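So the structure is just underneath, and the comments pick up after that.
Here the structure is a predicted model, which is why all the values come from computation and not from measurement. Note that these values count all heavy atoms, side chains included, but never hydrogens, waters or copies made by symmetry.
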Amino acid sequence: METLLKRELGCSSVKATGHSGGGCISQGQSYDTDKGRVFVKVNSKAEARRMFEGEMASLTAILKTGTVKVPKPIKVVDAPGGGSMLVMEHLDMRYLSRWICYLCVIVQFLHFDFSHATKLGTQLADLHLENKRLGERLLKEAGTVGKGGEQAERQYVDQFGFDVVTCCGYLPQVNDWQKNWVEFYARQRIQPQMDMVEKKSGDREALELWSALQLKIPDLFRDLEIVPALLHGDLWGGNVAEDSSGPIIFDPASFYGHSEYELAIAGMFGGFSSSFYSAYHSKIPKTPGFEKRLQLYQLFHYLNHWNHFGSGYRGSSLNIMRNLSK
């Protein structure tokens, strides 16, 4: 591994440190190099390069907004023996949850500095508002001659999707650009998950409930204007940490979508503190129908967990569809 990293990073010295981490999807290890400390995520799956390239693009996009801290991605490398590796900046993160489980999220929640939780809520709202602000600036500057370098580098995005495939867990997300958010979410988030459920189990009740729910979805978005927002895409308690400067988010599965979508998995598996939500909603207030749409967005994550980890998530998935289909 050290020899490979020397070659790929152009380093003269590479040495593993005691810092390691990982979860259900990938494992990681820190290395000291003559160019600084790096963190290397490794996954042996054949599709790992696609997954890591999506994560690298996600981290890069979030980093460019200057809103919330993420590790700086460096390079995706083919791993020896198969799979791939993502090399990124090492950050000295505290209270990093290594296992996706309720207990670990609770432990992390108890330690997470409440001032940092407030800061995260503010920064996350800024991330979600950044594209809208670019659009407003574009309108204001319409007709002016010459634009600043920042405007040229970060263009306003008027559609929903992303330039590359990103993975929530190890399953790929369809990120084809769409003008209509409701169509994007139904066709490119829920439908692929339902297709996997059908292929794996042929669950008749799930398919019938989804057919009924599709007819109800447009009503949940009536009179709602949605501006595409850059999302982390998988922001639960296990993907948040802190250092001396404040909160850090990592393991993104980004795309441009509805800002409310971000809060779906944030409220699952332990959730975040009230100070986080107060800070967030002070910048992006709730709009009518928020609670039902939150259930709709949580449906994706329960289905995604069903397809990752098995039918233990079937009941939650079906309950949401029943409730929203009434």
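Checked against side-chain contact (heavy atoms from CB on, under 4.5 Å), Thr122 has the following partners two or more places apart in sequence or in another chain: Asp126, Ala279, Lys283. Residues passing the side-chain hydrogen bond (donor to acceptor under 3.5 Å, both in side chains) test with Asp32 are Arg37, sequence neighbours excluded. The side-chain hydrogen bond (donor to acceptor under 3.5 Å, both in side chains) search around Glu291 returns Lys286, not counting sequence neighbours. Residues satisfying the ring-ring contact (aromatic ring centres under 6.0 Å, His included) criterion with Tyr277, sequence neighbours excluded, are absent altogether. Take Ser325 and apply the side-chain contact (heavy atoms from CB on, under 4.5 Å) test, not counting sequence neighbours, and it matches Ala212, Leu213. In this structure, the side-chain contact (heavy atoms from CB on, under 4.5 Å) partners of Leu220, at least two apart in sequence or on a different chain, are Lys292, Arg293, Leu296. For Arg222, the side-chain hydrogen bond (donor to acceptor under 3.5 Å, both in side chains) partners at least two apart in sequence or on another chain are Asp219. Among residues two or more places apart in sequence or in another chain, the ring-ring contact (aromatic ring centres under 6.0 Å, His included) test is passed with His128 by Tyr280. For Val77, the side-chain contact (heavy atoms from CB on, under 4.5 Å) partners two or more places apart in sequence, or in a different chain, are Leu4, Glu8, Lys75, Met85, Val87.
Salt bridge absent: Glu130 and Lys64 never bring a charged side-chain N and a carboxylate O closer than 4.0 Å. A salt bridge links Glu205 with Arg314: the closest approach of a Lys/Arg side-chain nitrogen to an acidic carboxylate oxygen falls below 4.0 angstrom.
Counting only residues at least two apart or on different chains, the salt bridge (charged side-chain N to carboxylate O under 4.0 Å, His left out) pairs with a member in residues 187-200 are Glu183-Arg187. Identified under the side chain to side chain donor-acceptor pair (under 3.5 Å) test for residues 76-89, with sequence neighbours left out: Arg49-Asp78. Listed by first and then second residue, the ring pair (Phe, Tyr, Trp, His ring centres under 6.0 Å) pairs that reach into residues 185-217 are Trp181-Tyr185, Tyr185-Tyr297, sequence neighbours excluded.
Side-chain contact check for Ser245 and Asp243: at least one donor-acceptor pair (N or O, by modelled atom type) lies under 3.5 Å.
Counting only heavy atoms from C-beta outward, the side chains of Trp177 and Phe160 never approach each other to under 4.5 Å. Residues Val182 and Ile226 form no side-chain contact, since every pair of their non-hydrogen atoms from C-beta on lies 4.5 Å or further apart.
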